Student: 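This is the structure I have questions about; it appears just below.
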Amino acid sequence: MSDYNKEGIRQIEEKWRREWVKREVYKVSPSEKPKYYVLDMFPYPSGAGLHVGHPLGYIASDIVARFKRLKGFNVLHPMGFDAFGLPAEQYAIEHGIHPARSTADNIRNFIRQMDKIGFSYDWGREVRTCDPKYYKWTQWIFLQFFDSWYNRKKDKAERIAELVEIFGREGNADYPFPNIKYKLPESGKNVFTALEWEGFGEKLRQEILMQYRLAYLAYTDVNWCEALGTVLANDEVINGVSYRGGFPVVKKQMRQWSLRITEYAERLLRGLDEVDFSDSMKEVQRNWIGRSTGARIRFRVKSERSAVPEMVVFTTRPDTIFGVDFMVVAPEHEIVKDITSEEQRAEVEKYLKYVESRSEVERMAEVKKITGAFTGAYAVNPFNGREIPIWISEYVLAGYGTGAIMGVPCGDERDHKFAKHFNLPITNIIGSHYNGEEANPTYDAILENSGFLNGLQMKTAIQVVIRELEARGIGEHQVNYKMRDAGWSRQRYWGEPFPVVYRDEMPYAMDEKDLPLELPDSNDFRPSGTGEGPLANLKDWVRINDHERRDTNTMPTHAGAAWYFLRFTDPHNDREFASRESLDYWGQVDVYIGGSEHAVAHLLYSRLWVKVLYDLGYLGFDEPFRKLINQGKITGDSRYVYRIRGTNKFVSAGLKDQYETDPLRVDIKFVNGLELNREAFTHWRPDFAGAEFILEGDKYICGAAIEKMSKSYFNVVNPDDIIETYGADTLRMYEMFLGPLEQSKPWNTNGIDGVFKFLRKFWNLFHDSNGNFAVTDAEPSRGELKVLHKTLKKIEQDVETFSFNTSVSEFMICVNELTAQKTNKRSILEPLVIALSPFAPHIAEELWEKLGHGETVFNASFPQYIERYLKEDSFEYPISINGKVRAKMEFALDMPKEDIEKVVLASEIVRKWSEGKPPKKVIVVPGRIVNVVL
RNA sequence: GCGGAUGUGGCGUAACUGGCAGCCGCGCCAGACUUAGGAUCUGGUGCCGAAAGGCGUGGGGGUUCGAGUCCCUUCAUCCGCACCA
């Protein structure tokens with residue numbers, strides 16, 4: 001009779017939860033030992049609490065942390081909360097509960113649930129992004145951005161003071177405005193001399209510096225969501241609607257903070273080569289950065305009015321310059337009004353109106369639709385003087401490149417469709433590669449009809465054209481990025497206020513000693529609806545005096561999350577965001593585990609912040625995460641019942657096609673497998689009270705679907721419930737057993753009994769049939785040693801490669817074999833307790849204590865395995881031919897010698913050998929050659 | 001459309017550099033113990049076949065003495081991105 005039952009487990013787990021806290025076993029500080037930093041993506045503390053999907057990554061990281069600790073590392077394994085954010089604010093609007101309060105409550109609940117699972121977090125290092133002691137430093141880092149610019153010559157960020165010095169010395173001729181479209185307000189030029197700089201007034205100087213700052217204010221097109229009353233980041237807009245709520249999003253011009261992440265595009269791209277992320281993760285980031293190389297080409301413009309002498313296009317295919325049959329500029333392009341001819345004016349204006357009328361959603365939905373208008377103006381091909389009509393069309397985006405393209409219908413599918421649709425002539429420069437039906441974007445064709453490029457392969461022609469463009473001064477090599485600067489203002493209450501003061505409409509950094517700029521208390525969280533956030537309602541807070549006012553926006557949640565991993569190294573420092581000493585000791589995150597949904601925004605911003613802090617000398621590394629693991633999502637397994645339309649009758653799934661039914665999700669609490677608990681169901685909601693059922697046999701069978709785990713789908717499984725029945729150790733091991741960490745999988749408890757039985761069997765190895773602890777000091781047998789060492793080796797390999805599912809299997813095999821041998825020897829069991837402790841810490845700790853150890857198993861050492869015990873089923877046998885030893889071969893122990901000779905002679909080895917290559921190694925199992933290494 | 005990933009028993013999955021496919025668990029079958037049970041233990045379980053034997057890693061082709069693994073092709077599913085010139 002085992003006492004590893006529901007009650008026994010509860011006692012063990014509660015006991016050790018208390019003991020671990022009391023003994024402060026998880027407290028860490030720098031030491032002589034090598035460090036290892038294991039980090040989870042910290043959660044947003046939602047009101048719904050943890051479901052079984054959340055802990056998947058946390059369990060994996062906890063296993064790694066505990067394992068590395070056993071391997072002699074000083075392990076930093078902290079946890080915190082991404083506590084600013086929209087849901088708390090929405091909740092406040094709906095329920096009148098202050099975000100600070102609901103957030104604190106939610107965090108308390110999260111911590112309670114996490115502690116039950118037995119994570120080895122050092123809670124002494126917990127951070128919350130909404131804590132003024134924390135966001136003081138978020139604001140401080142923001143000010144470092146504000147006080148910096150990107151020196152392209154040195155390829156790093158520098159202080160604004162150095163830029164001021166440069167301007168005073170030599171003007172900006174060698175340091176052009178990052179935004180190539182920017183012009184000085186009075187002169188209309190984009191360069192100034194040192195002398196001019198000296199003459200500029202304070203406001204103009206600030207205006208100019210703003211063009212260089214890494215955190216800057218600018219009027220930008222932002223994604224305005226009327227329904228949410230706020231601006232959203234690009235990655236918060238999906239297919240033209242808001243990520244949250246799915247509300248329509250339109251463009252709107254607002255004066256916003258942005259981070260100049262585009263200056264780091266190249267380094268963010270290059271940095272990917274140094275880190276260990278999955279290919280898909282790197283690819284997603286590369287796509288987001290969207291680097292493409294090509295050329296800028298200036299074309300002379302011929303229009304009725306000579307207001308605009310030239311237009312500029314960006315192309316990745318300058319080699320197709322002789323195939324240009326038309327030009328297209330974005331409808332929003334400033335050139336349009338200046339080049340449109342009298343004759344075409346009406347048509348162009350009609351088209352512009354049409355474009356304006358289209359919402360973002362429509363535009364996205366109708367991407368294939370071809371529209372456009374001719375401006376009446378022409379561009380001149382610099383190489384053959386051909387006059388090319390200039391059109392406008394919304395398929396050209398104002399925000400990318402120069403907002404203008406050269407149309408090459410024979411080589412570009414979109415251009416081809418455009419030409420066909422408007423009946424424009426198509427010049428073929430690629431001969432037989434173009435079939436007249438569809439464009440061919442090949443690089444391999446030999447160019448025709450292409451003047452001085454005739455006879456060149458397109459690949460080679462690209463460089464030839466660029467050289468020629470540069471020689472003639474009408475274009476140059478150019479690299480373009482899809483990535484935009486990151487909008488950093490949110491019209492929200494529950495976020496970090498911007499630590500700046502406006503004087504004469506220009507922002508100035510607050511003094512470091514006045515930080516944090518605390519979020520003022522308020523109970524009005526409604527956005528103003530005009531674009532200003534809730535803080536604008538607090539007039540006394542906004543207005544400092546007659547000349548000074550504050551910013552009414554707050555930072556996005558990305559801000560606090562962009563550097564929290566640095567704060568963990570020194571979480572209570574109130575003089576610095578973290579001491580250089582701590583940062584140097586703990587350094588990069590060695591393993592970062594989290595969901596792939598944060599692939600773009602969070603990772604890029606974190607990487608950016610680290611690079612900027614590195615440039616400014618606060619850090620010794622410029623990539624935050626050495627290795628990234630994306631755990632798969634655990635999806636929910638929903639259940640449906642089928643109500644016959646207009647009645648309160650429910651029909652079992654197998655019979656539902658005989659009726660007209662509406663499917664309804666039913667809470668999985670009321671379903672056992674697929675069978676509905678009819679009694680419980682009728683008590684669920686008042687309208688189901690008198691429900692009748694049409695059964696299959698005597699059962700009501702539900703429909704099933706795999707969907708995301710969500711409260712509103714009634715398919716959430718709470719880890720507390722699992723722990724209640726099986727204990728935390730079973731939950732931990734079962735979540736790992738479910739499948740490979742990085743794979744998404746639906747939650748089910750089908751196999752959980754197997755894991756539970758394993759733990760009970762393990763427990764029983766230490767106890768006699770009366771349930772009394774009983775291990776002996778007898779010498780282990782060879783068989784037992786082999787099982788032990790095989791298991792240790794496998795576990796070590798598996799954990800190093802994050803294959804936790806196979807580790808669990810390996811433990812099961814081990815226990816099965818030891819059970820068969822009725823092992824109760826300390827020398828075998830004790831090392832296994834250590835090896836199991838990362839996976840099932842509670843049971844391990846209890847057995848460890850029973851084995852007579854005073855110190856926690858958390859501080860033990862991972863046992864060494866001995867190869868000798870693993871090798872005993874094979875031996876090496878020298879093979880000699882003509883009296884000379886030519887190779888050593890590995891054979892199975894139970895194979896008769898004659899067979900070996902036979903195998904050797906009969907095998908393929910002889911054939912290979914005859915080719916003159918003696919094999920280095922041959923692995924044989926009875927009757928068969930397994931491996932020949934030549 | 002582009003990019004990435006994944007396809008193995010009834011199910012979740014395993015298989016180091018190509019080397020006896022299906023470990024471990026669930027489920028199922030049989031047995032033991034039982035005052036009958038959603039408990040525990042033991043054995044069996046890829047498919048077809050009475051057996052001998054044959055067939056088997058989404059489909060088709062290839063390389064190799066040998067392919068789940070490598071190459072080509074095709075289909076299916078999932079996840080990103082989406083007029084980026």
Side-chain angles (χ1 to χ4, degrees), chain A residues 1-2 5 235 238-239 278-288 290-292 294-295 313-318 320 327-328 330 363-364 366-370 393-408 411-415 417-418 441 480-484 596-597 599-600 630 632-633 635 672-673 706 733-734 737-740 742-746 748-758 760-761 764 794 797 801 803 805-816 819-820 907-912 922-933:
Chain A
M1 188 52 202
S2 173
N5 53 27
D235 48 278
I238 293 161
N239 292 330
S278 72
D279 287 346
S280 66
M281 197 57 41
K282 287 186 179 183
E283 208 48 42
V284 169
Q285 292 206 27
R286 287 196 188 103
N287 283 343
W288 185 260
R291 181 185 206 269
S292 54
V313 302
F314 172 72
T315 178
T316 55
R317 297 302 299 270
T320 62
M327 309 291 269
V328 189
R363 208 173 146 161
M364 296 271 193
E366 300 174 294
V367 146
K368 295 268 145 55
K369 199 164 155 187
I370 298 161
S393 173
E394 55 176 355
Y395 87 88
V396 173
L397 307 176
Y400 183 75
T402 61
I405 62 149
M406 54 186 223
V408 183
D412 183 282
E413 196 46 49
R414 294 154 305 178
D415 295 348
K417 289 209 177 98
F418 192 81
N480 247 323
Y481 301 93
K482 275 194 250 183
M483 185 166 64
R484 295 293 117 80
S596 55
E597 66 272 22
V600 174
N630 294 115
K633 274 199 244 318
T635 44
N672 184 6
I706 304 296
M733 294 200 83
Y734 183 59
F737 181 69
L738 225 39
E742 307 200 33
Q743 186 177 303
S744 287
K745 50 228 158 191
N748 67 68
T749 50
N750 290 348
I752 199 164
D753 280 326
V755 172
F756 177 70
K757 278 188 226 167
F758 151 74
R760 192 176 50 201
K761 279 188 196 168
N764 286 345
K794 194 75 169 93
Q797 276 174 357
T801 56
S803 315
N805 53 330
T806 54
S807 339
V808 178
S809 295
E810 207 54 41
F811 274 120
M812 289 177 174
I813 295 168
C814 172
V815 163
N816 285 347
T819 304
S907 73
E908 282 302 314
I909 303 169
V910 175
R911 198 183 61 81
K912 301 241 169 183
V922 179
I923 296 176
V924 176
V925 296
R928 190 186 172 100
I929 296 172
V930 174
N931 196 9
V932 180
V933 181

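Because the structure is a prediction, the values reported are computed rather than measured. Proteins come first, then strands; the chains are lettered A, B, ... in the order of their sequence lines, and each starts at number 1.
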Student: Rounded to the nearest angstrom, tell me the gap between atom CD in A:Glu742 and atom C1' in B:G80.
Tutor: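 One finds 16 Å between C1' of B:G80 and CD of A:Glu742, rounded.
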Student: At 4.0 Å (heavy atoms only), tell me whether A:Val396 reaches a base, stays on the sugar-phosphate, or touches nothing.
Tutor: base
Student: Rounded to whole angstrom, note down the P distance from B:G9 over to B:A5.
Tutor: 23 Å
Student: Determine: side-chain N/O of A:Arg760 to OP1/OP2 of B:U40, distance under 4.0 Å, yes or no.
Tutor: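 True: A:Arg760 side-chain N/O within range (under 4.0 Å) of B:U40 OP1/OP2.
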Student: Does any nucleotide pair with B:G22 by Watson-Crick or G-U wobble geometry, both distances under 3.5 Å, and what is it?
Tutor: none
Student: Suppose you measure atom C1' in B:G10 against the same atom in B:C29; what distance do you get, rounded to whole Å?
Tutor: 13 Å
Student: Using the C1' atom as the point on both nucleotides, what is the distance between B:G18 and B:A67, in whole Å?
Tutor: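 Going atom to atom, C1' in each nucleotide, I get 6 Å.
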Student: Separation of A:Lys633 atom NZ from B:U6 atom P, in whole Å?
Tutor: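 Atom-to-atom, A:Lys633 to B:U6, this comes out as 17 Å.
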Student: Would you mind pulling out the nucleotide paired to B:G56, Watson-Crick or G-U wobble, both distances under 3.5 Å?
Tutor: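 No nucleotide pairs with B:G56.
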Student: Does B:C70 have a Watson-Crick or wobble partner in any strand here, with both distances under 3.5 angstrom, and which is it?
Tutor: B:G62
Student: Just to be sure I understand the rule, does A:Pro740 reach a base, reach only the sugar-phosphate, or reach nothing, if contact means heavy atoms closer than 4.0 Å?
Tutor: sugar-phosphate
Student: Between B:U35 and B:G27, how far is it from one P atom to the other, in whole Å?
Tutor: 25 Å
Student: A:Thr806 side chain: which of B:A5, B:G25, B:A14 is closest?
Tutor: B:A14
Student: Categorize A:Asp753 for me: base, sugar-phosphate, or nothing, with a 4.0 angstrom heavy-atom threshold over every strand shown.
Tutor: nothing
Student: Describe the nucleic acid contact of A:Lys745 in one word from base, sugar-phosphate, nothing, applying a heavy-atom distance below 4.0 Å.
Tutor: nothing
Student: With a 4.0 Å limit, can you tell me whether A:Tyr395 has a side-chain N or O closer than that to the phosphate oxygens OP1/OP2 of B:A85?
Tutor: no
Student: A:Asn287 side chain N/O closer than 4.0 Å to the phosphate oxygens (OP1, OP2) of B:G80?
Tutor: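 No, because none of the side-chain N or O atoms of A:Asn287 sits under 4.0 Å from OP1 or OP2 of B:G80.
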Student: When you measure from every atom of RNA chain B, which of residues 807-814 of chain A have a heavy atom less than 4.0 Å away?
Tutor: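 Per residue number, the list reads A:Ser809, A:Met812, A:Ile813.
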Student: Could you please name the partner base of B:G27, counting Watson-Crick and G-U wobble pairs only when both distances are under 3.5 Å?
Tutor: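 Pairing partner, where one exists within any strand: B:U45.
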Student: Using Watson-Crick or G-U wobble geometry with both distances under 3.5 Å, which nucleotide pairs with B:U34?
Tutor: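 Paired with no nucleotide.
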Student: Does B:C81 have a Watson-Crick or wobble partner in any strand here, with both distances under 3.5 angstrom, and which is it?
Tutor: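 Base-paired to B:G1.
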Student: For B:C26 and B:U6, measure between their C1' atoms and round to the nearest Å.
Tutor: 23 Å
Student: For B:G7, give the paired nucleotide (Watson-Crick: N1-N3 plus N6-O4 or O6-N4; G-U: N1-O2 and O6-N3; both under 3.5 Å), or none.
Tutor: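 Pair assignment: B:G7 / B:C75.
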Student: For B:G9, does the O4'-C1'-N9-C4 (purine) or O4'-C1'-N1-C2 (pyrimidine) torsion place it in syn, i.e. within 90° of 0, or in anti?
Tutor: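 Syn.
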Student: Give a yes/no on whether any side-chain N or O of A:Lys757 is located under 4.0 angstrom from OP1 or OP2 of B:A39.
Tutor: no
Student: Calculate the interatomic distance between A:Phe758 atom CZ and B:G12 atom P; express it in whole Å.
Tutor: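 Atom CZ in A:Phe758 sits about 23 Å away from atom P in B:G12.
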Student: Expressed as a whole number of angstroms, how long is the span from A:Met733:CE to B:C26:P?
Tutor: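 So the two atoms are 14 Å apart, to the nearest Å.
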Student: Can you tell me how far C1' in B:A82 sits from the matching atom in B:C28, rounded to whole Å?
Tutor: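 Each nucleotide's C1' atom is 48 Å from the other's.
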Student: Select base, sugar-phosphate, or nothing to describe what A:Asn816 touches, counting heavy atoms under 4.0 Å on all strands.
Tutor: sugar-phosphate
Student: Which value, in whole Å, describes the distance between the C1' atoms of nucleotides B:C2 and B:C55?
Tutor: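 Looking at atom C1' only, B:C2 and B:C55 are 40 Å apart.
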Student: Which is true for A:Ser278 with a 4.0 Å heavy-atom rule: it touches a base, it touches only sugar-phosphate, or it touches nothing?
Tutor: nothing
Student: Quote, to the nearest angstrom, the C1' distance that separates B:U8 from B:G80.
Tutor: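 To the nearest whole Å, 26 Å.
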Student: Testing the 3.5 Å rule here: is there a donor-acceptor pair between the side chains of A:Lys761 and A:Asn816?
Tutor: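 The answer is yes; a qualifying pair exists.
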